[in-house]
Amino acid sequence: MMEKPALTPPDVVPGVTNRYEDFVGAHVVQADDAHNTGAFYPYHRLLLHLYEQEIQNCGWPAGIPTGTGPSTTKPPTPSTAPRPRPRHRHRPQPHCVRRDFAPETFVQGTADELIGEGMDQPDFGSFASVTEGSFHSAGHWGIGGLYGDMSDKWTSPSDPLFYLHHANVDRAWWSWQSRDVDARSNDISGPLVPFDNENKVAGNLTLDHLMILGTSAETRVQVKVADLMSVGKGRLCYNYDKLY
Ligand SMILES: [Cu+2]
């Protein structure tokens with residue numbers, strides 16, 4: 001992917017130089033809508049699915065590892081990912097992937113009790129609001145610390161560990177859904193605007209909402225939230241060996 005030319009137009013996300021960074025670019029321009037909203041889980045499920053298809057196009061014979069077993073990933077690859085400013089004022093600053101491990105944050109924030117707390121939530125809204133800020137955040141801060149890429153809300157996918165972490169976060173969502181799969185494959189909620197939990201600005205996400213991902217006509221994909229609810233169904237032809 002690092003050798004394939006980018007499909008992102010430079011005026012959409014300056015600094016994207018290859019196919020790997022197209023995905024960073026997509027996350028950069030959509031991060032404001034895809035975090036602390038109802039879209040968080042379905043957006044990242046779609047992002048992972050598209051990324052997985054692309055690494056398979058490049059010859060990777062398996063799915064994205066979830067980071068819970070022996071890993072075959074290579075050491076950090078140099079990246080020239082864009083470093084954005086909020087609201088898309090990007091000033092690309094080419095640099096190698098940076099990690100600033102914060103082991104205590106990682107260990108405390110991914111403790112079994114926090115996973116269990118997520119799994120115990122009765123509905124999607126509470127599951128999402130509890131877990132986006134607990135084990136999801138801890139994976140980012142635990143690897144990215146103060147100075148690392150994983151701590152950047154916009155460009156965190158410039159660290160390949162993003163995909164291992166998010167595959168595991170998606171596995172957690174599917175683990176929660178699998179506890180009552182019929183009901184929970186239809187349970188979606190959460191604000192369209194970040195932190196608008198009382199819907200003072202806009203409404204809630206629904207199953208009919210269109211999730212749009214991509215930075216160019218060639219890469220743009222539109223998928224209904226309803227089609228992102230079930231792992232192993234429709235376009236989501238993947239599964240997890242083990243669930244929480
Ligand atoms: Cu994200």
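All values derive from a computational prediction rather than experimental measurement. Order of listing sets the numbers, starting from 1, for every ligand and every atom in it.
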Worksheet item: Counting only protein atoms, how many N/O/S atoms are less than 2.8 Å away from the Cu ion (ligand 1)?
Response: 3
Response to the item:
For Leu243 and Ser178, the nearest pair of non-hydrogen atoms, with its separation, is CD1-OG, 3.6 Å
Discussion item. One thing to verify: whether Arg235 and Asp227 come together as a salt bridge, which I'm taking to mean a side-chain N less than 4.0 angstrom from a carboxylate O.
Written reply: no
Worksheet item: What residue pairs, at least two apart or across chains, pass salt bridge (Lys or Arg N to Asp or Glu O under 4.0 Å) with a residue in residues 181-204?
Response: Glu198-Lys200
Practice prompt. For the residue pair Phe124 and Phe127, categorise the inter-ring angle as parallel (less than 30°), tilted (30 to 60°) or perpendicular (more than 60°).
Written response: tilted
Worksheet item: Can you say whether the rings of His27 and Tyr43 are parallel (under 30°), tilted (30 to 60°) or perpendicular (over 60°)?
Response: tilted
Worksheet item: Going by atom types only, do Asn168 and Tyr244 share a side-chain donor-acceptor pair under 3.5 Å?
Response: yes
